[in-house]
Amino acid sequence: MTNPTRTLGDVQVSPIGLGGMPMSIEGRPDEARSIATIHAALDAGITLIDTADAYHLTATDVGHNETLIAKALASYGGDTSNVVVATKGGHLRPGDGSWTQDGSPAYLKQAVEASIKRLGVEAIGLYQFHRPDPKTPYEDSVGAIRDLLDAGKIRQAGISNANPDQIRQANEILGGRLVSVQNQFSPRFRSSEPELELCDELGIAFLPWSPLGGISSAGDLGDKHPAFHTLASELGVSPQKLTLAWMLAKSPVVIPIPGSSRPETIRDSYSAIDLTLTPDQVATLDAA
């Protein structure tokens with residue numbers, strides 16, 4: 001049986017992707033477990049892996065997650081030709097635990113070249129502007145992404161942490177070629193509903209980051225959201241699996257990218273594609 005897919009620009013990918021951040025920042029596991037997690041995701045049928053050059057710990061290991069993913073793909077025994085690695089640029093970690101921004105065209109073009117080398121590709125499958133930079137006009141940052149797309153350095157273009165006006169502006173600057181918006185969205189973080197609805201209207205993929213509430217909260221999802229706990233118990237599934245099924249049911253443009261650092265958690269997450277919710281169940285969770 002062929003696994004279901006969802007549309008990401010001009011390619012089809014798995015309805016749920018793998019977020020790589022937990023494998024490279026604070027509390028990251030050893031490399032062997034991370035590679036086992038990526039291989040488990042590939043075994044399950046995941047064909048979208050999300051990363052960023054900022055997923056690292058210190059100032060000396062910039063791009064740690066990109067390098068890790070490239071190593072895992074290279075060591076995987078099966079075919080990975082249909083796997084899309086989506087990376088991002090414009091968000092930085094100086095090494096002191098803080099997050100900063102640099103959306104200048106010069107930086108983004110330099111960052112893409114570095115990501116290409118770390119990923120070992122000729123062109124990046126999906127490149128996303130990570131976060132608006134208050135110091136740089138948004139049109140300049142997105143203009144740089146357009147230039148990279150035109151130059152063939154990236155195959156597809158997306159944005160992250162954007163509001164509806166920025167989505168429309170980016171799509172216009174890119175000449176209608178914006179394929180994805182990656183925003184935070186979860187049972188506890190619902191303020192991206194307008195962006196999700198706009199992406200549904202425009203046919204642009206919406207990639208929820210931290211769909212389970214974030215690294216420190218994912219395990220407590222059921223405790224913090226009783227409606228999800230109750231329905232998950234009735235259905236005999238984990239609250240995490242139910243949450244992802246709820247997101248998939250909201251719109252065909254939604255492609256959640258739960259972060260994971262253990263094989264068993266990404267397998268459970270991906271199994272949400274087999275859980276079909278009724279309209280009443282979706283409405284109950286929407287209202288929770």
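Values reported hereafter were calculated over all heavy atoms of this structure, with side chains retained and with hydrogens, waters and symmetry mates removed.
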Between [X] and [Y], is there a donor-acceptor pair closer than 3.5 Å when you use the side chain of the first and the backbone of the second?
X	Y	result
N65	G20	yes
R28	I25	no
D61	T58	yes
S24	M21	no
S75	A72	yes
T5	S14	no
T7	G9	no
R6	L248	yes
R155	G152	no
T67	R118	no

Checklist entry - Can you list the steps and then say if S104 with D140 is a side chain to side chain contact (heavy atoms under 4.5 Å, CB included)? => result CA-CA 7 Å; S104 65; D140 291 355; over 6 Å; no
How long is the gap from [atom1] on [X] to [atom2] on [Y], to the nearest 0.5 Å?
X	Y	atom1	atom2	result
I69	Y55	CD1	OH	9.5 Å
R146	E139	CZ	CD	10.5 Å
L275	L244	CG	CG	10.0 Å
S141	R131	OG	CZ	13.5 Å
T80	L73	OG1	CG	5.5 Å
I49	L119	CD1	CG	10.0 Å

Please indicate whether [X] has more than 12 foreign heavy atoms, meaning atoms of other residues, nucleotides or ligands, lying under 6.0 Å from its [atom1].
X	atom1	result
E193	CD	yes
H39	NE2	yes
E113	CD	yes

Checklist entry - Where is the tightest heavy-atom contact between P29 and S34, given as atom of each residue plus distance? => result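 Shortest heavy-atom separation between P29 and S34 comes out as CG-OG, 3.3 Å.
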Do the charged groups of [X] and [Y] touch, with an N to O distance under 4.0 Å?
X	Y	result
R93	E26	yes
D286	K250	yes
K88	D50	yes
E31	K71	yes
K241	D274	no

Next on the checklist: Walk me through whether N161 and F129 qualify under side chain to side chain contact (heavy atoms under 4.5 Å, CB included).
Outcome noted: CA-CA 9 Å; N161 301 300; F129 178 41; over 6 Å; no
Checklist entry - With under 30° as parallel and over 60° as perpendicular, where do the rings of F206 and F185 fit, or are they tilted in between? => result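 Taking F185 first and then F206, their aromatic rings stand perpendicular (interplane angle over 60°).
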Checklist entry - Can you say whether the rings of H130 and W99 are parallel (under 30°), tilted (30 to 60°) or perpendicular (over 60°)? => result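 Rings of H130 and W99: perpendicular, over 60°.
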Is it possible for you to say whether [X] and [Y] belong to one hydrophobic cluster, with membership spreading through side-chain heavy-atom contacts below 4.5 Å?
X	Y	value
V253	L174	yes
L8	I167	no
I46	V11	no
V13	L18	no
Y270	L242	yes

Next on the checklist: Working note: T87 + E66, criterion side-chain hydrogen bond (donor to acceptor under 3.5 Å, both in side chains); need CA distance, chi angles, decisive distance, verdict.
Outcome noted: CA-CA 8 Å; T87 193; E66 291 176 326; 2.6 Å; yes
Checklist entry - So D280 and T278, side-chain hydrogen bond (donor to acceptor under 3.5 Å, both in side chains) or not? Walk me through it. => result CA-CA 5 Å; D280 285 347; T278 68; 5.4 Å; no
Checklist entry - Does any non-hydrogen side-chain atom of S186 lie less than 4.5 Å from one of W209? => result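 W209 does not reach S186 side chain to side chain.
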Checklist entry - Is there a side-chain contact between L212 and S269 (heavy atoms, below 4.5 Å)? => result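 The answer is yes, as the side chains (C-beta and beyond) meet within the 4.5 Å cut-off.
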Item to check | Test side chain to side chain contact (heavy atoms under 4.5 Å, CB included) applied to K153 and K109, step by step | outcome: CA-CA 9 Å; K153 296 289 185 179; K109 291 176 181 180; over 6 Å; no
Item to check | Worked check of side-chain hydrogen bond (donor to acceptor under 3.5 Å, both in side chains) between T47 and N82 | outcome: CA-CA 6 Å; T47 58; N82 64 335; 5.1 Å; no
Checklist entry - Please walk me through it: do Y138 and D133 pass side-chain hydrogen bond (donor to acceptor under 3.5 Å, both in side chains)? => result CA-CA 7 Å; Y138 197 66; D133 175 10; over 6 Å; no
Item to check | Verdict with supporting geometry, Q182 and I159, side chain to side chain contact (heavy atoms under 4.5 Å, CB included) | outcome: CA-CA 6 Å; Q182 183 177 146; I159 54 176; over 6 Å; no
